[in-house]
Amino acid sequence: MSRPEILFPLFAPVSALSGVGPRIAKLIETAAGPHVVDLLWHRPTGLIDRRFAPLINEAPDGVIATITVTVGPHAPSHNKRMPYRVSCHDDSGEMQLVFFHAREDYLRKTLPEGEQRIISGRVEHFRGDVQMTHPDHIATLDERDTLQAVEPVYPLTAGLTHKTCVKAVRAALERVPALPEWNDKELLSRQGWADWQTSLKALHAPQSEKDIGPDSLPRRRLAYDELLASQLALGLVRAQYRRRPGRVIKGDGHLRQKALAALPFSLTSSQTKAVGEILADMADPARMLRLLQGDVGSGKTVVALLGLLNAVEAGSQAALMAPTEILARQHMATIDPLARAAGITVVLLTGREKGKTREAVLAGLASGETALCVGTHALFQDDVIFHDLAFAVVDEQHRFGVHQRLMLAEKGAGTDVLVMTATPIPRTLTLAAFGDLDVSRLTEKPPGRKPVETRALPLSSLGQVIERIAAKSALGERVYWVCPLIEESEVLDVAAASERFETLKKIIGDRVGLVHGAMKGKDKDAVMAQFASGEITVLVATTVIEVGVDVPEATVMVIEQAERFGLAQLHQLRGRIGRGAEASVCILLYAQPLGATAKARIDIMRQTDDGFRIAEEDLRLRGAGELLGTRQSGLPEFRLADLTVHAELLATARDDAALILSKDPELKDKRGQALRTLLYLFERDAAVKFLQSG
Ligand code: ADP
Ligand code: MG
């Protein structure tokens, strides 16, 4: 099964459009994307109203006007710095057209003396003359209707002109076929939506500012289509995952009891609730796919451990996978003593276990002798074979794609999967990223934590801050010093961190350490261990410490150029402190002047440490434009939908997708066929593959 023929014209390269040669194709690719369909999704972000058609002497300074003139004499320039002028007139007066670096033959051809032309552009009054510099359009009288209209304005890229882009989109629109309707009639009439083709054309023909916004009818319809395609795709992946039988995993609790007895604390009520939900999923014969959401420090590891032990009690194997070496080791450190208390051995498998050690680990997993395993991506490798993997926990799923998550599940028959995330992403995004997934949330912090005091200071206070840090360090307090992401270049980040490290070392002395992403795993661990033991008291770091790292003695965090970080990231970082019983302080150093969004972020950080609230604010502040954070977090990107405004459409799409798949799981009936086209249209080809046949 492959893309339906009706969509072929839309998936041709943009160079297939008339007027788009190889040079322009490259530019369009940068601005919109490589295929014709990408131009369809290239939304106008503004408009130019060319309907105002005054006489020359009625045209006010500074407005866009479309004026019908008779072309008069040309005055070519004889000097590169002087413009080429063409004077024109109508019954009311005279206007000068002004061109810099003009080509005379071209202007003689487009503006033949004595003929009438329609000129559109911005009118300027200059020393008593009316003039127009580089008119946007010069057209003949029969082109009046297309010209004297409202014109969409598109996001461009260097070298791509407005005119070329408009033309290319028009050419793309000409290729748009009428597609069979995939939406419910009732929904269309309730929302007041037109069919797909009409909506698309309307999207590119805005008549007013309101039409540009996310709430216009055509935009909402198309956003809905995109969301429906994405929810349907997620639903299909999930159905496929569920199709293979799961298993009943029901331990007798003897290991869990011992581990719980060895814990120096009792579980919070949301931990208890989450454990209950996980055990219920495991006991259910359907395959489990659950997300455990909990703020940094909310105690997810213990929750995961109880699930892992449940699988071991049932006589099977269980694995926990972390995105980095540091985290895998940290989980190991938490889990190992508790598992020991329960009489179980845990093995570690990361990229660093090599040779004999690795062979021994693999042998234990293959024979089933090893019941519990903690690791990194190394667990994915083909030669890692489990005797009977019943339960897999994947931590910090943002670093992994959906595909990888399910890959670990392939290592066992009917493996149940629990995904843990330390970023409390908002509900809308959870839904967008995972579809209708089962979610457990840890909403309370373990007792005894003192809230972190957060202060914001301008970078000019750097000297004072260093002094204070030096004093704290002398008392043995543990300090994180976080250096920002300067560019998307690790080399530069490392350079900045190294420089700060040298400065601090000069003032504070030998108890300053440095850890960054370009270091070898072994060296990183060594530094982290020194910091944990107190040999090092000030740890200069790039954002490698962002995820998971746990040193309860750390009470101070300085974040340099905090304005460069996203809200979620700041929250993640700050979560590294305030983990012990001592009061902690977080200092956000910012460079001036501070932009409005950066200021809002810092204010929110000072007001709250509720991760769920911060996540909502982050989504609100980030808006649709700033996709960088989304990209980093692995959340889906949408071309037409904007989750900050279309959340309610997303919920409808979720319900719609669920209903469709329950009635017609193979997308076979008439609407099902149309929905297949929708999936291809939004390039969810992989999901269509899960359908058995055409
Ligand atoms: P997360 O992975 O959610 O960021 P962790 O599982 O690493 O959090 O737990 C953070 C710290 O809190 C650990 O030191 C852990 O031992 C401790 N902890 C977990 N649950 C509780 C609890 N119920 N009461 C007190 N401390 C707890
Ligand atoms: Mg954790």
Side-chain angles (χ1 to χ4, degrees), residues 17-21 24 39 44 46-77 83-126 128-154 156 160-176 198 201-209 211:
L17 298 170
S18 66
V20 179
I24 292 177
L39 276 170
L47 47 80
I48 301 174
D49 191 341
R50 299 195 185 279
R51 288 175 300 189
F52 182 49
L55 290 169
I56 289 176
N57 74 351
E58 289 170 345
D61 184 30
V63 303
I64 298 280
T66 301
I67 306 178
T68 306
V69 299
T70 303
V71 180
H74 286 227
S77 62
Y84 186 120
R85 292 173 176 274
V86 181
S87 89
C88 303
H89 63 271
D90 65 7
D91 292 345
S92 76
E94 208 172 282
M95 174 168 75
Q96 299 289 319
L97 304 183
V98 180
F99 302 90
F100 292 89
H101 310 289
R103 274 187 17 234
E104 181 164 0
D105 53 342
Y106 170 77
L107 288 179
R108 294 262 179 214
K109 213 170 74 195
T110 39
L111 290 164
E113 196 172 334
E115 289 193 21
Q116 282 201 303
R117 285 291 182 271
I118 304 173
I119 314 287
S120 187
R122 194 172 298 281
V123 174
E124 298 157 355
H125 289 185
F126 187 68
D129 287 339
V130 179
Q131 65 176 46
M132 198 181 278
T133 308
H134 293 267
D136 300 327
H137 297 278
I138 300 169
T140 53
L141 298 191
D142 52 327
E143 290 170 302
R144 181 185 302 280
D145 286 351
T146 45
L147 184 60
Q148 197 185 322
V150 180
E151 203 174 77
V153 174
Y154 294 98
L156 301 172
L160 182 66
T161 66
H162 166 67
K163 219 155 140 181
T164 311
C165 188
V166 169
K167 259 184 157 160
V169 174
R170 278 200 195 134
L173 284 170
E174 268 165 37
R175 292 186 158 229
V176 168
T198 309
K201 292 194 167 161
L203 180 78
H204 290 281
Q207 293 302 307
S208 68
E209 285 295 331
D211 295 344

Shortest non-hydrogen contact from Asn57 toward Ser92: N-OG, 3.0 Å
Would a distance-only check, ignoring hydrogens and angles, find a side-chain to backbone donor-acceptor pair under 3.5 Å from His74 to Leu111? yes
Nearest non-hydrogen partners of Gln148 and Arg51, listed with the distance: NE2-O, 3.3 Å
Would a 4.5 Å heavy-atom cut-off, applied to side chains only, mark Ile118 and Thr66 as touching? yes
We want to know whether Thr133 and Glu124 form a side-chain donor-acceptor pair, criterion being a heavy-atom distance below 3.5 angstrom. yes
Rounded to the nearest 0.5 Å, what separates atom CZ in Arg170 from atom CG in Leu17? 13.5 Å
Tell me, do Arg103 and Lys109 make a side-chain contact under 4.5 Å, heavy atoms counted? no
If I take atom SG from residue Cys88 and atom CE from residue Met132, how far apart are they, to the nearest 0.5 angstrom? 9.5 Å
Using the six-membered ring wherever Trp is involved, compare the ring planes of Tyr154 and His204 and label them parallel, tilted or perpendicular (cut-offs 30° and 60°). tilted
Check: Ile48 and His162 side chains under 4.5 Å, non-hydrogen atoms: yes
Whether over 12 other heavy atoms sit under 6.0 Å from Asp91 CG: no
So do Ser87 and Glu94 actually touch side chain to side chain, heavy atoms under 4.5 Å? yes
Which heavy-atom pair separates Pro135 from Ile119 by the least distance, and what is that distance? CB-CG2, 3.6 Å
State the CD1-OG1 distance between Ile138 and Thr140, to the nearest 0.5 angstrom. 11.5 Å
Mind checking whether Thr164 and Leu156 have side chains closer than 4.5 Å, heavy atoms only? no
Rounded to the nearest 0.5 Å, what separates atom CZ in Phe99 from atom OH in Tyr106? 8.0 Å
Quick check against the 3.5 Å criterion: does Asp90 have a side-chain atom that pairs as donor or acceptor with the backbone of Leu55? no
Specify the closest pair of heavy atoms between Ala168 and Val20, including all atoms of both residues, with the distance to one decimal. CB-CG2, 4.2 Å
Before giving the answer on side-chain contact (heavy atoms from CB on, under 4.5 Å), spell out for Thr68 and Arg144 the whole-Å C-alpha distance, their side-chain angles and the decisive distance to 0.1 Å. CA-CA 9 Å; Thr68 306; Arg144 181 185 302 280; 3.3 Å; yes
Given side chains that start at C-beta, do those of Val69 and Leu97 come closer than 4.5 Å, heavy atoms only? no
So which heavy atom on Arg50 is nearest to which on Ser120, and how close? NH1-OG, 2.9 Å
Got a second to check how far Thr161's OG1 is from Ile24's CD1, nearest 0.5 Å? 7.0 Å
Calculate, to the nearest 0.5 Å, the distance between atoms CG and OG1 belonging to Leu203 and Thr198 respectively. 12.5 Å
Have a look at His137 and tell me which of Lys163, Arg117, Glu143, Glu151 forms a side-chain hydrogen bond (donor to acceptor under 3.5 Å, both in side chains) with it. Glu151
Between His134 and Pro83, is any pair of side-chain heavy atoms under 4.5 Å apart? no
Please report the shortest heavy-atom distance between Gly72 and Glu113, naming the atom on each side. O-CG, 3.2 Å
Asp211 and Leu47: CA distance, side-chain angles, deciding distance, side-chain contact (heavy atoms from CB on, under 4.5 Å) verdict: CA-CA 9 Å; Asp211 295 344; Leu47 47 80; 5.5 Å; no
Side-chain contact, heavy-atom cut-off 4.5 Å: Gln131 with Arg85? yes
